[in-house]
Amino acid sequence: MCLSSRTASMVPAAAIHTCRTAIMTHLQQVLDEIVTVAAASTDRGEVADYVPELSLADPAMFGIAVALRSGQVVEAGNARVEFTVQSISKVFTLAIALGRLGDGLWRRVGREPSGLAFNSILQLEQEDGRPRNPFVNAGALVVTDAILAGSEPREVLTELLRFAREAAADDDIHINKDVARSEARTGDRNRALAHMLKAQGNLENTPDRVLGTYFHQCAIEMNCVQLARAGRFLIGARESALISADNVRRINALMMTCGQYDGSGDFAYRVGLPAKSGVGGGILAISPRRASIAIWSPGLNAQGNSKLGTMAAEMLAARTGWSAFS
Ligand code: GLU
């Protein structure tokens, strides 16, 4: 059995090396097995088509990558094919907003699961314009509005890209302008949400300004390897210049309770790891103090989360024993 980080300092470097190699070999076997199961799946969910550019994704795609605390990465399947992270970007904007505003952010957005679809308008009206959490679209629009204060959309997007690039140690991370434009053309529900927020006094910028920024943040493109690396700032095992330890805990808690929309309870039960999904079919999951996991398969389940991605996260947690609860 390999050693914990607590005891690792007491054993020779060669033993630690052997141990790490064994972990990597085991992980590679697990990921290969997951890819085999995914490849054989005939029920792959439905690719999102409300953003025309997203409907072009090939449902046969499946990629997975795990970035360990040590920085080593294990990958399998289509882990080097790019996709837009969509709502996974909300984790990065939340990290920036919390770092800047601290608890002041919670005056404008809640921390409770919504129990409704990611783009629901219903709750917003009933609850006087304070979105349930930062991961439903209404909440994410408020977070984007908050980080737009005193800045131009271009500056915010530059800061966001800088954050993701620094987190991943990869300067190739970029925005897919075609996807951003495609969503801008068809984003009427988001437009409705932004105008409702404005009418209810919870948007400081104009709806157009917030929406333009939001559509571009959702169109940040990464592959699984880049996303797994970018998620390492949430592992929480070491000091980070990007985020405080308190905010790592807070964001992981929100990912656990709200990260899969109205599928969050089921995901927590089946997988037991904090995670955030995007309608592009990506899932970023965190095994606290151990690893950052990125999975991508474009077909979605009824809650708008990647169908095979959810299956893969469950398999990975079962095979590795990784859980936030043990
Ligand atoms: N850009 C998408 C939207 O606002 C993000 C939703 C998601 O990924 O869940 O509709």
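Whatever order the structure lists ligands and atoms in, that order sets their numbers, starting from 1.
- Shortest non-hydrogen contact noted between Asp145 and Arg108 is OD2-NH2, 2.6 Å.
- Between Phe83 and Trp296, the ring planes are parallel. Angles under 30° get that label, and only those over 60° would be called perpendicular.
- Using a heavy-atom distance under 4.0 Å as the criterion, the protein contacts of ligand 1 are Tyr50, Gln86, Ser87, Phe118, Asn137, Glu183, Asn190, Tyr214, Cys218, Tyr261, Gly278, Val279.
- Under the side chain to side chain contact (heavy atoms under 4.5 Å, CB included) criterion, Ala194 pairs with Leu141, Leu203, Pro207, Leu211, not counting sequence neighbours.
- Judged as a side chain to side chain donor-acceptor pair (under 3.5 Å), and not counting sequence neighbours, the contacts of Arg181 are Asp178.
- Cluster partners of Phe325, by chain and number: Met256. The rule joins Ile, Leu, Val, Met, Phe, Trp and Tyr whenever side-chain heavy atoms lie under 4.5 Å apart.
- Under the 3.5 Å distance criterion, with hydrogens and angles disregarded, no donor-acceptor pair is assigned to the side chains of Glu82 and Asn176.
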